Amino acid sequence: MEAGKPATKLKSEALQVLLERGLVHQCTDLEALDARLADGQVTAYAGFDATASSLHVGHLMPLMTMRWLQKLGHKPILLLGGGTSQVGDPSFRNEARPLLGDEQIAANITGIRHSVERLIDFRGEDGARIVNNAEWLTEFRFLEFLREFGSQFTVNRMMTFDSVKSRLEAQMPLTVLEFCYMMLQAVDFLELSRRHDCALQVGGSDQWGNIINGVELGRKGDGKQLFGLTVPLITTASGTKMGKTAAGAVWLHPEHLSPFGFWQFWRNTADADVPRFLRLFTELPMSEVLRLSSLEGAELNEAKKILATQVTAIVHGAEEARHAREQGDKLFAGEGDLAEPTHHMDLSHLADGLGLLQLLVHVGFAQTTSEAWRLVEAGGVRLNSQVIEDPRRKISVGDLKVDDQLSLAVGKRRKALLAFR
RNA sequence: GGAGGAGUGCCCGAGUGGCUAAAGGGGGCGGACUGUAAAUCCGCUGGCUAUGCCUACGUUGGUUCGAAUCCAACCUCCUCCA
């Protein structure tokens, strides 16, 4: 079932909305799922790797799907892969991922939860849940696991999935560890259906194979009908994967990326992406989405600001969003500076002169001092609105402006205001 | 089991003893232009407070004043034969 051409009239508001928003790519059984969603509350889950301490905008599609579902009376579960992160999903990858340790995974789970607390409502008895699949996956004994679940899978079938085939065809090694990943994800779905009556799994289109396995396991193992729904893989107009910038991923966690930085990311959307992004990542009524999408030329800038503010509000809250927009307006209206410090630093750092390169790395404008060096040489770095040409420039107390602040900018869009105390 | 071939930087892809931190393209970043867009043009694109040093061409050793380039072993993959 492909998105965009519903064969029949949908009964459930949930699916209507998801289709209208462009959040549906494939579904295991659209009509039956529609009936189930129309019938009453459905518990749905989306899984995330615990490989970083925050989710990023690349995760926003499944998260928005979960948010809509919650809004329309259903119950989301976010499954964090504390167990599966110890294995690593091989889907569509040509190499095994580095494996993570227990402490790291535990820390990441805490961060991830924090990064989505505004997006999904976890409060109260009936709120969304976060569960960690380590809860059950680490409990299994090997033989027990093989006997209960191994008997439900055939290698023949497992080899037919594109996610595996791509690796095999690329002639890259696929270890048994990775090969079993899809079993683990299938077991996750089954466990969630047993423990929480979860009936729907939402994931990226690269998860289709893993999801199908879960649906089939539910049917064979427990005789239950489970559903899978994938969101489209989204690329930007320039064809790159969404959500990567020079400074790295666009994180949802405010400590990894300030709400203003987040707002800026959306404000910088390419013209051609605006209509799609409004539909996918905001909750504006479709009539408004269409109106904004019809704007042309420089008028689109207004649509971009609305897009940025809406998405920021969903992730960081309305207050932060309004704030970010004010900063953005001020910053680019004239030769303005940021109104509020983006970073705070101890005054003692300046005692011996703080290296400009270090500072650039510290605020995240460069990943390495070499990169910072090049930025300076390219003439892209400004300190207090002055272009700096000497990479060896040290910053001292004498550079501070009012309120012991210092402005630092790279390029046209990356700006920081440092406050020293 | 036998015979050939391949493994290069974020990606693709040249390079067969010194001029190679490695052509060219893509992507990314910076500059100019603009609307904080796109297109175009110019520059940069391993690390290091740095006109030098260090680390890099599957892995480990070897030959050589000098190796991505030659030799050996190993790993992974491809093609043909059985």
Side-chain angles (χ1 to χ4, degrees), chain A residues 92-96 166-175 178 235-250 260-278 292-309 311-312 324-338 349-350 352-383 386-396 408-416:
Chain A
F92 302 104
R93 290 181 144 250
N94 281 341
E95 277 169 36
S166 62
R167 174 83 70 92
L168 295 177
E169 274 163 19
Q171 307 295 343
M172 298 301 283
L174 176 67
T175 61
E178 298 172 88
T235 52
T236 62
S238 46
T240 56
K241 230 181 233 164
M242 166 114 192
K244 293 277 182 193
T245 66
V250 180
F260 176 65
F262 186 82
W263 188 88
Q264 274 295 311
F265 167 78
W266 294 98
R267 171 62 253 267
N268 286 315
T269 300
D271 286 11
D273 286 327
V274 171
R276 225 164 24 128
F277 287 4
L278 282 168
L292 292 170
S293 300
S294 68
L295 296 176
E296 282 178 21
E299 284 198 320
L300 259 174
N301 283 331
E302 189 51 35
K304 291 182 191 180
K305 287 183 191 176
I306 291 170
L307 168 68
T309 309
V311 188
T312 306
R325 172 163 184 159
E326 277 172 15
Q327 285 203 51
D329 282 342
K330 218 175 281 174
L331 195 53
F332 289 96
E335 188 41 48
D337 271 332
L338 286 158
H349 287 295
L350 296 181
D352 302 321
L354 174 64
L356 175 64
L357 302 183
Q358 258 69 53
L359 190 60
L360 285 165
V361 173
H362 178 78
V363 301
F365 288 167
Q367 310 269 7
T368 62
T369 63
S370 292
E371 191 185 333
W373 182 287
R374 278 180 236 118
L375 283 172
V376 174
E377 292 213 311
V381 175
R382 274 158 297 143
L383 182 67
Q386 295 288 310
V387 174
I388 304 295
E389 285 166 350
D390 177 16
R392 266 167 284 214
R393 175 74 145 79
K394 297 256 189 206
I395 292 156
S396 59
L408 185 67
V410 169
K412 276 174 292 196
R413 307 174 205 146
R414 287 182 278 174
K415 308 198 183 195

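As a basis for the values below, the full set of heavy atoms in this structure was taken, side chains included, without hydrogen atoms, waters or symmetry mates. Computed from a predicted model, the values in this text were never measured in an experiment. Here is how names work: the chains are called A, B, and so on, in the same order as the sequence lines, proteins then strands, and each is numbered from 1.
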Choosing from [options], which nucleotide comes nearest the side chain of [X]?
X       : options                : answer
L300(A) : U36(B), G35(B), A37(B) : G35(B)
T368(A) : A37(B), U45(B), C48(B) : C48(B)
R374(A) : G30(B), G46(B), U49(B) : G46(B)
R267(A) : C29(B), U36(B), A50(B) : U36(B)
D271(A) : U49(B), C29(B), A37(B) : A37(B)
N268(A) : G35(B), U36(B), A50(B) : U36(B)
A298(A) : U36(B), G35(B), G30(B) : G35(B)
N301(A) : G47(B), G35(B), A50(B) : G35(B)

task: With salt bridge (charged side-chain N to carboxylate O under 4.0 Å, His left out) as the test, would you mind laying out the steps for R325(A) and E302(A) before giving the verdict?
output: CA-CA 11 Å; R325(A) 172 163 184 159; E302(A) 189 51 35; 3.3 Å; yes
Can you measure [X] atom [atom1] to [N] atom [atom2] for me and round it to whole angstrom units?
X       : N      : atom1 : atom2 : answer
Q367(A) : C44(B) : CD    : C1'   : 16 Å
L354(A) : U49(B) : CG    : P     : 13 Å
W373(A) : C53(B) : CH2   : P     : 15 Å
L375(A) : G28(B) : CG    : P     : 16 Å

- request: Give one of base, sugar-phosphate or nothing for Q264(A), where a contact means two heavy atoms less than 4.0 Å apart.
  value: base
message: Under 4.0 Å, counting only non-hydrogen atoms across every strand here, what does G355(A) touch: a base, just sugar-phosphate, or nothing?
response: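 Base contact.
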message: Check this for me, if you would: do E377(A) and R392(A) make a salt bridge, where the nitrogen-to-carboxylate-oxygen distance has to be below 4.0 angstrom?
response: no
query: Does any N or O in the side chain of E371(A) come within less than 3.5 Å of the main-chain N or O of Q367(A), such that one atom is a donor and the other an acceptor?
result: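 Answer holds: yes.
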query: Taking the side chain from R414(A) and the backbone from F365(A), do they hold a donor-acceptor pair closer than 3.5 Å?
result: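 Yes, R414(A) side chain to F365(A) backbone: donor-acceptor pair under 3.5 Å.
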- request: Classify the side chain of K412(A) versus the base of U34(B) as yes if they form a donor-acceptor pair under 3.5 Å and no if they do not.
  value: yes
query: Should stems be defined as at least three consecutive Watson-Crick or G-U pairs with both distances under 3.5 angstrom, which of them involve RNA chain B?
result: B:1-7 with B:75-81, B:10-12 with B:24-26, B:27-32 with B:40-45, B:46-48 with B:52-54, B:58-62 with B:70-74
Residue closer to the 5' end of RNA chain B, R392(A) versus A378(A) (nearest nucleotide): A378(A)
